[in-house]
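Here the structure is a predicted model, which means the values were calculated and not measured. Sequence lines set the chain letters: A, B, ... in the order given, protein chains first and strands last, and positions in each chain run from 1.
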Amino acid sequence: GAVVSQHPSRVICKSGTSVKIECRSLDFQATTMFWYRQFPKQSLMLMATSNEGSKATYEQGVEKDKFLINHASLTLSTLTVTSAHPEDSSFYICSARVQGQLRQYFGPGTRLTVL
Amino acid sequence: QKEVEQNSGPLSVPEGAIASLNCTYSDRGSQSFFWYRQYSGKSPELIMFIYSNGDKEDGRFTAQLNKASQYVSLLIRDSQPSDSATYLCAVNAGGTSYGKLTFGQGTILTVHP
């Protein structure tokens, strides 16, 4: 149990376009989802925390107008990278948490390449 | 700023040996501690977590926590080449950061036959 999926697993786009990444909890309801970004040879950096039905909370230095997060249901959160640029190329990973538990279940990640 | 520090390595051990991975954290209010393994190009997978001082064992893995010293470690017994990966220490802080994980930079482990 406790499986989190992400779609797409890999995306290549042109500079200036927007990309949407979906994160789904397949067999449980996730009251909270997290979005991370990982650059090569670096650790995971939390971008934002998303609670179902409310606005996401962004970490310091993360542009909320550039990285749009929607958590419309207990099983789906989306991250939209707007007007993507090459420096946004990274590995984006979501995780989901069940209410009352601290453990986070990670999705397989999405590799974004902006040309 | 809440920080989690790990030795980036690489740590190289022979097959069958014990690998010892260390992590220190700065926030004394931290409540729970996680060890993840990450293979290249993949997302992290949870190895184990620990909340209380002392040792916690799960198969070949033992996590050790010392809150007074703000130190958590992971021992891997009988290391196998398949254990070669980056090991990430993550800390869950309390207070207003409850539920968030702060990751260390990771330790690269290589187990050679």
Next on the checklist: Take a 6.0 Å sphere around CE of M45(A) and say whether it holds more than 12 heavy atoms from other residues, nucleotides or ligands.
Outcome noted: no

Next on the checklist: For L44(A), which atoms come within 4.5 Å of any heavy atom of chain B: side chain, backbone, both, or neither?
Outcome noted: both

Checklist entry - Between Y92(A) and L46(A), is there a shared hydrophobic cluster once you connect ILVMFWY residues whose side-chain heavy atoms come closer than 4.5 Å? => result no

Checklist entry - Can V13(B) be reached from W35(B) by stepping across I, L, V, M, F, W or Y side chains whose heavy atoms are under 4.5 Å apart? => result yes

Checklist outcome for this item: Taking every heavy atom of G41(B) against every heavy atom of R111(A), the minimum-distance pair comes out as CA-NH2, 3.8 Å

Checklist entry - Once you round to the nearest 0.5 Å, how far does CD of E45(B) lie from OH of Y105(A)? => result 14.5 Å

Checklist entry - Roughly how far, to the nearest 0.5 Å, is the CD atom of Q38(A) from the CZ atom of F103(B)? => result 9.0 Å

Item to check | Cluster check L74(B), V4(B): I/L/V/M/F/W/Y, side chain < 4.5 angstrom | outcome: yes

Next on the checklist: Using 0.5 Å steps for rounding, measure from the NZ atom of K42(B) to the CD1 atom of I93(A).
Outcome noted: 11.5 Å

Item to check | Within-4.5 Å side-chain heavy-atom neighbours: Y36(A) and L101(B) | outcome: yes

Item to check | Partner chain A: residue of I108(B), L46(B), L88(B) with the largest heavy-atom pair count (under 4.5 Å) | outcome: L46(B)

Next on the checklist: Nearest 0.5 Å, please: how far is OG in S43(B) from CZ in F91(A)?
Outcome noted: 6.0 Å

Item to check | In one Ile/Leu/Val/Met/Phe/Trp/Tyr side-chain cluster, 4.5 Å: Y87(B), L75(B) | outcome: no

Checklist entry - Should L21(B) and Y39(B) be counted in the same cluster of Ile, Leu, Val, Met, Phe, Trp and Tyr side chains packed under 4.5 Å apart? => result no

Checklist outcome for this item: CD (Q105(B)) and NZ (K41(A)) are apart, to the nearest 0.5 Å, by 14.0 Å

Item to check | Interface residues of residues 54-87 of chain A facing chain B - heavy atom cut-off under 4.5 Å | outcome: E59(A)

